[in-house]
2 protein chains.
Amino acid sequence: MVELNYEEVATLLRVLGNPTRVMIVKELSKGQRCVCDLENRLGISQANASQHLNILKVNNIVDCIRQGSSRCYYLKQPDFIKRLFELIKKKGV
Amino acid sequence: MVELNYEEVATLLRVLGNPTRVMIVKELSKGQRCVCDLENRLGISQANASQHLNILKVNNIVDCIRQGSSRCYYLKQPDFIKRLFELIKKKGV
DNA sequence: TTAGGATATTCTAATATTCTAATATGTACT
DNA sequence: AGTACATATTAGAATATTAGAATATCCTAA
């Protein structure tokens, strides 16, 4: 049985524990999005979106591919995210 | 389908997103513990344990009952915690 | 190669979090 | 009441996080 590393678990949860990042991740669970999509749909600034996406990327939650002059961000483990949100939904926050 | 409130979800994850609180929650998933148990087993100070327990309590993760002069803390939704950790374990952090 | 759109980076101010030390409160026992 | 043990609260310093403004970089098309 693999033991969990407290620091890593905490980091993962802390990274996901920001309302803007929750919005982003939720939006990405519907499909790939470029930065400007996220800006428009979520009503956040370009710089802010980019900063949060970077935090998510560094922490292996998302990744991106070039798509012409823009970048498409996507969840690296969409199943994990879906299950996580379902679990929280069931919990009743 | 109930929609998730970003702020609430983020708060829940942020509360759990601290290594000391992960340790505490993990320890409590094994059973009830009083503050001094947690101090000893986790090697944290009394004040620090108490502060983190308060954060967990205010955010509905734990609750406690008196037990003589000490207090027994316990998880309010142990199943949720177990599933959460299992999910993270499966993910591979 | 230049212009413009799309995204990233850097800096800063405001705010939040965390730990420690000191003090307070509460309970049990004599 | 007085003492000892268990826990909570407070205050303050150190650090981390966040959003926004300004600027830089990258890519594409002309």
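Please read all numbers here as calculations on a predicted model, not as lab measurements. Atom set for the values below is all heavy atoms of this structure, side chains included, hydrogens, waters and symmetry mates excluded. Throughout, a chain's letter reflects where its sequence line sits, starting with A, and its residues are numbered from 1.
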Side chain to side chain donor-acceptor pair (under 3.5 Å) partners of residues 56-71 of chain A, not counting sequence neighbours, each pair once: A:Asn60-A:Lys76
[X] [atom1] - [N] [atom2] separation (whole Å):
| X | N | atom1 | atom2 | value |
| --- | --- | --- | --- | --- |
| B:Asn48 | C:dT17 | CG | P | 15 Å |
| A:Leu38 | C:dT7 | CG | P | 9 Å |
| B:Gln46 | C:dT23 | CD | C1' | 11 Å |
| A:Arg71 | C:dA8 | CZ | C1' | 8 Å |

Set of residues satisfying side chain to side chain contact (heavy atoms under 4.5 Å, CB included) with respect to B:Lys91, sequence neighbours excluded: A:Leu12, A:Gln77, A:Phe80
Under the side chain to side chain contact (heavy atoms under 4.5 Å, CB included) test, residues paired with B:Arg14 that sit two or more places apart: B:Thr11
B:Arg21 (side chain) donor-acceptor with B:Leu56 (main chain) under 3.5 angstrom: no
Could you give the distance from [atom1] ([X]) to [atom2] ([Y]), rounded to the nearest 0.5 Å?
| X | Y | atom1 | atom2 | answer |
| --- | --- | --- | --- | --- |
| B:His52 | B:Ile24 | NE2 | CD1 | 6.0 Å |
| A:Ile61 | A:Tyr73 | CD1 | OH | 14.0 Å |
| A:Leu84 | B:Leu84 | CG | CG | 6.5 Å |
| A:Leu16 | A:Ile55 | CG | CD1 | 11.5 Å |

Members sharing A:Tyr74's hydrophobic cluster (side chains within less than 4.5 Å):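 Answer for A:Tyr74: A:Ile65.
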Partner set under side chain to side chain donor-acceptor pair (under 3.5 Å) for B:Arg83, not counting sequence neighbours: none
For DNA chain D, the residues among residues 15-22 of chain A that have a non-hydrogen atom under 4.0 Å from it: A:Asn18, A:Thr20, A:Arg21
Of residues 49-57 of chain A, the positions that come close to DNA chain D - non-hydrogen atoms, cut-off under 4.0 Å: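 Within residues 49-57 of chain A, the residues near DNA chain D are A:Gln51, A:His52.
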Taking every non-hydrogen atom, the tightest pair across A:Thr20 and A:Asn18: N-OD1, 2.9 Å
5' precedence on DNA chain C between A:Arg14 and A:Cys64 (nearest-nucleotide basis):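 Its nearest nucleotide lies further toward 5', so the answer is A:Cys64.
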Criterion side-chain contact (heavy atoms from CB on, under 4.5 Å) against B:Ile81, the qualifying member of B:Val62, B:Leu28, B:Leu75: B:Leu75
Distance-only donor-acceptor pairs under 3.5 Å for side chains of residues 35-50 of chain B, two or more places apart:
| residue | atom | partner | partner atom | Å |
| --- | --- | --- | --- | --- |
| B:Asp37 | OD2 | B:Cys34 | N | 3.4 |
| B:Asn40 | ND2 | B:Cys36 | O | 3.0 |
| B:Arg41 | NH1 | B:Glu27 | OE2 | 3.3 |
| B:Ser45 | OG | B:Asn48 | N | 3.1 |

Atom pairs, protein N/O to nucleotides 27-30 of chain C N/O, distance under 3.5 Å:
none

Contact boundaries on DNA chain D for chain B, cut-off under 4.0 Å to non-hydrogen atoms: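 First-to-last contact on DNA chain D, by the 4.0 Å heavy-atom rule, is D:dA6 to D:dA11.
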